[in-house]
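Being a predicted model, the structure only gives us computed values, none of them experimental. In what follows, every chain begins at residue 1, and chains take the letters A, B, ... in the order their sequences are listed.
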Number of protein chains: 2
Amino acid sequence: MDGAQTYQVSVNTVSENCTSCSLAAGCLPKGLPWQQWRQLDALARHPAVFVRRQRIYSQNAPFYSCYIVKSGAVKTVYINAQGQERVLGLYLPGDLFGLDGVGDGSHTCSAQALERSLICRINFADLEQHMARMPKLQRLLLQLMSDQLNAAHGLICSLSQSTAEERVVRFILELSDRYRQRKLSGTEFRLAMTKTDAANYLGLAVETLSRVLGRLRNRGLIRIQGRQLQILNEAALKAIADPSHIFLDS
Amino acid sequence: MDGAQTYQVSVNTVSENCTSCSLAAGCLPKGLPWQQWRQLDALARHPAVFVRRQRIYSQNAPFYSCYIVKSGAVKTVYINAQGQERVLGLYLPGDLFGLDGVGDGSHTCSAQALERSLICRINFADLEQHMARMPKLQRLLLQLMSDQLNAAHGLICSLSQSTAEERVVRFILELSDRYRQRKLSGTEFRLAMTKTDAANYLGLAVETLSRVLGRLRNRGLIRIQGRQLQILNEAALKAIADPSHIFLDS
DNA sequence: CGGTGGTTTGACCACGTTCAAGAGAAGTGG
DNA sequence: CCACTTCTCTTGAACGTGGTCAAACCACCG
């Protein structure tokens with residue numbers, strides 16, 4: 001019915017818990033005291049492999065868990081009544097996603113792996129119980145939700161007040177930041193999504209994104225081949241993204 | 001510097017706590033057991049009057065509290081580097097706002113009263129302590145944040161995939177729903193914001209909003225005089241807002 | 001009253017979409 | 001390994017929605 005979304009991939013359990021997980025760095029418990037982290041350890045029991053396009057959860061499905069990206073990348077999408085997709089979020093290693101379902105107990109969007117990814121599942125009921133005992137965890141959850149809300153607000157501002165070029169440049173710089181936060185190169189990286197998805201996320205037609213990227217390349221600001229992107233002139237990009245110095249136009 | 005935003009209105013304390021508050025219905029504690037509600041009572045100590053345009057909190061100010069609208073209406077706005085405003089949210093009686101600051105400890109947007117309003121302030125540190133003891137309150141907070149995130153996502157979808165007319169109609173229907181939830185008329189109400197603000201919220205120019213409303217009026221779907229709005233043909237509006245039945249066009 | 005903030009209407013134009021066609025990349029099976 | 005399909009990306013041309021600018025109107029308030 002629904003496209004070929006119902007894969008049955010062998011879900012390899014990578015490790016039974018956090019303390020023995022080789023990917024523990026950059027995970028949710030970061031920032032928690034060691035003792036509390038060990039308590040939390042029991043929660044994230046099911047790191048699993050998802051292949052490209054495989055769904056992690058589906059829109060309208062009952063909400064039981066949230067998830068953490070250990071490796072790879074994940075997008076969340078909302079599908080409206082006409083079947084159009086709208087990309088709402090991009091999640092990279094260390095990011096938490098899936099809390100959209102807390103509101104009314106069912107997920108309001110779907111989550112899909114963009115490439116082969118390792119994903120940890122955290123049972124929300126367990127998480128809630130631990131939150132009550134761990135003030136730092138409680139605070140952390142609220143902060144993460146607040147961060148996501150602020151990210152959404154940023155997107156809203158971009159969508160309504162910015163040109164295609166500004167949006168694209170801001171997207172590039174946002175990715176750059178996020179890779180840098182992960183101790184990866186902020187000047188040369190691979191776009192996690194297809195350009196179709198990226199355009200959708202930015203509220204643009206693919207053609208527009210393609211043209212804008214071409215223009216940026218012609219001006220010598222970036223180098224782009226396929227999904228491989230290199231930032232050549234970060235200062236110029238920042239000037240485009242945040243046009244507050246109008247005085248040196250000409 | 002900043003417009004005439006630094007009012008010093010006499011802040012009339014309406015009642016010292018929730019149990020003695022005449023407006024307690026429709027407040028945050030709703031859904032909590034009586035006993036827990038009484039515990040929470042101590043938190044919301046400062047219901048205060050705000051006049052039209054008065055700021056409740058300012059962008060970049062340190063985050064200490066969140067707020068509940070008891071009466072009136074509030075908008076949240078983000079002001080970018082160029083000084084442009086962007087309306088992010090509209091809050092009606094019973095709504096909680098101000099949690100945008102949890103993320104990094106300072107508010108990411110400002111909140112302004114749209115008309116004379118009663119606002120309760122809740123100290124966040126106190127709220128957090130009570131959350132730890134009251135699982136239902138903990139859940140409630142996460143739900144409220146999730147609801148706001150979902151609202152933002154809805155706006156994102158509207159902004160990128162809908163025509164001006166669809167957005168306007170959806171806005172009208174959303175208001176209708178919210179008034180109905182508050183046991184008020186869902187077919188005849190007053191727009192809480194100016195049309196300038198409403199257009200901004202919808203990512204449109206004021207002129208466009210004005211034209212679209214005029215068109216809807218000419219087609220006999222609504223009646224509008226100033227900010228007073230009456231829905232005449234709800235079914236037709238719903239058909240516009242959610243164009244999934246393309247087959248009976250003509 | 002004049003003044004200010006909000007709203008309406010018209011004319012014009014630009015940005016980004018849509019449609020169309022083709023090239024390139026990637027995945028699948030013989 | 002190549003031929004095949006399918007998905008992704010690029011480029012061009014034409015169109016249209018909604019923005020911008022300008023002017024006038026209106027309501028409310030001091």
Side-chain angles (χ1 to χ4, degrees), chain A residues 3-5 7 9 51-54 75 84-87 112-116 158-169 171 190-218 222-229 240 243, chain B residues 3-5 7 51-53 75 82 84-87 112 114-116 158-169 171 190-218 222-229 240 243:
Chain A
Q5 301 301 356
Y7 295 73
V9 169
V51 299
R52 181 171 152 78
R53 288 184 202 224
Q54 190 178 4
K75 69 173 176 182
Q84 299 178 72
E85 270 200 4
R86 162 74 225 202
V87 177
Q112 259 185 14
L114 290 165
E115 50 188 275
R116 188 182 178 79
S158 268
L159 286 172
S160 55
Q161 299 184 320
S162 303
T163 64
E165 189 166 285
E166 284 163 11
R167 287 185 236 173
V168 172
V169 169
F171 178 63
R190 223 174 151 272
L191 296 178
M193 316 195 215
T194 68
K195 288 186 183 162
T196 309
D197 278 337
N200 183 319
Y201 175 69
L202 295 170
L204 297 172
V206 206
E207 295 93 327
T208 306
L209 175 61
S210 183
R211 279 184 252 268
V212 169
L213 287 174
R215 228 180 296 148
L216 294 175
R217 188 193 44 206
N218 292 340
I222 60 170
R223 227 149 59 84
I224 181 148
Q225 297 176 66
R227 283 187 217 169
Q228 197 64 28
L229 189 139
I240 293 173
Chain B
Q5 301 300 356
Y7 295 73
V51 299
R52 181 172 152 75
R53 288 184 201 224
K75 70 172 175 182
Q82 296 102 66
Q84 299 178 70
E85 272 199 1
R86 163 72 224 202
V87 177
Q112 259 185 14
L114 290 164
E115 51 189 274
R116 187 182 179 79
S158 268
L159 287 172
S160 56
Q161 299 184 323
S162 300
T163 65
E165 189 166 285
E166 282 164 11
R167 287 185 235 173
V168 172
V169 168
F171 178 62
R190 226 177 147 268
L191 296 178
M193 317 197 212
T194 67
K195 287 185 185 164
T196 309
D197 278 337
N200 184 317
Y201 175 69
L202 294 170
L204 298 172
V206 205
E207 296 93 327
T208 305
L209 175 60
S210 183
R211 279 185 251 269
V212 169
L213 287 175
R215 228 180 297 148
L216 294 176
R217 189 194 43 207
N218 291 341
I222 59 169
R223 226 148 59 86
I224 180 147
Q225 298 176 68
R227 284 189 217 167
Q228 197 63 30
L229 190 141
I240 292 172

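- In this structure, E85(B) pairs ionically with K75(B), as a charged nitrogen and a carboxylate oxygen lie closer than 4.0 Å.
- The nucleotide whose nearest atom lies closest to any side-chain atom of R53(A) is, among dA20(C), dT8(D), dG18(D), dT8(D).
- Rounded to whole angstrom, the span from the CD1 atom of I224(B) across to the C1' atom of dC26(D) amounts to 15 Å.
- A heavy-atom distance below 4.5 Å is not found between the side chains of V168(B) and R215(B).
- No engagement by L209(A) is indicated, since no non-hydrogen atom pair under 4.0 Å with the nucleic acid exists.
- For K195(B), taking side-chain heavy atoms from C-beta onward, the closest of the listed nucleotides dC9(D), dT8(C), dT11(D) is dT8(C).
- Separating the CZ atom of R215(A) from the P atom of dG12(D) is a distance of 13 Å, rounded to the nearest angstrom.
- Not one side-chain nitrogen or oxygen of S210(B) sits closer than 4.0 Å to the OP1 or OP2 atom of dT7(C).
- R227(B) contributes no side-chain N or O that forms a donor-acceptor pair with the base of dG6(C) under 3.5 Å.
- Contact check for L114(B) versus D197(B): side-chain heavy atoms found under the 4.5 Å cut-off.
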Any chance you could lay out the side-chain contact (heavy atoms from CB on, under 4.5 Å) test for R167(A) and T208(A), step after step, and finish with the verdict?
CA-CA 11 Å; R167(A) 287 185 236 173; T208(A) 306; over 6 Å; no
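- Here the nucleotide nearest the side chain of A205(B), chosen from dT20(D), dT18(C), dT8(D), is dT20(D).
- Taking only side-chain atoms of A164(B), from C-beta outward, the nucleotide of dT20(D), dC19(C), dG18(D) with the closest atom is dG18(D).
- Distances shorter than 4.0 Å separate some side-chain N or O of T196(A) from OP1 or OP2 on dC9(D).
- Rounded to whole angstrom, the span from the CD atom of E207(B) across to the P atom of dT8(C) amounts to 11 Å.
- Within the 4.5 Å cutoff, the side chain of I240(B) has heavy atoms near those of the L216(B) side chain.
- Distances shorter than 4.0 Å separate some side-chain N or O of R52(A) from OP1 or OP2 on dT8(D).
- What separates CD of Q225(A) from P of dA23(C) is a distance of 20 Å, to the nearest Å.
- You'll find a donor-acceptor pair under 3.5 Å spanning the side chain of R211(B) and the base of dT20(D), going by distance alone.
- Between L204(B) and D197(A), it is D197(A) whose nearest contact on DNA chain D lies nearer the 5' terminus.
- Among the protein residues, T208(A) comes within range of the nucleic acid bases, having at least one heavy atom under 4.0 Å from a base atom.
- For the pair Q228(B) CD and dG6(C) C1', the interatomic distance rounds to 17 Å; values are reported in whole Å.
- In this structure, L159(B) atom CG and dG18(D) atom P are separated by 12 Å, rounded to whole Å.
- In this entry the distance linking CD of Q161(B) with P of dT17(D) reads 18 Å, nearest Å.
- The interatomic distance linking E166(A) (CD) with dG19(D) (C1') rounds to 15 Å, in whole Å.
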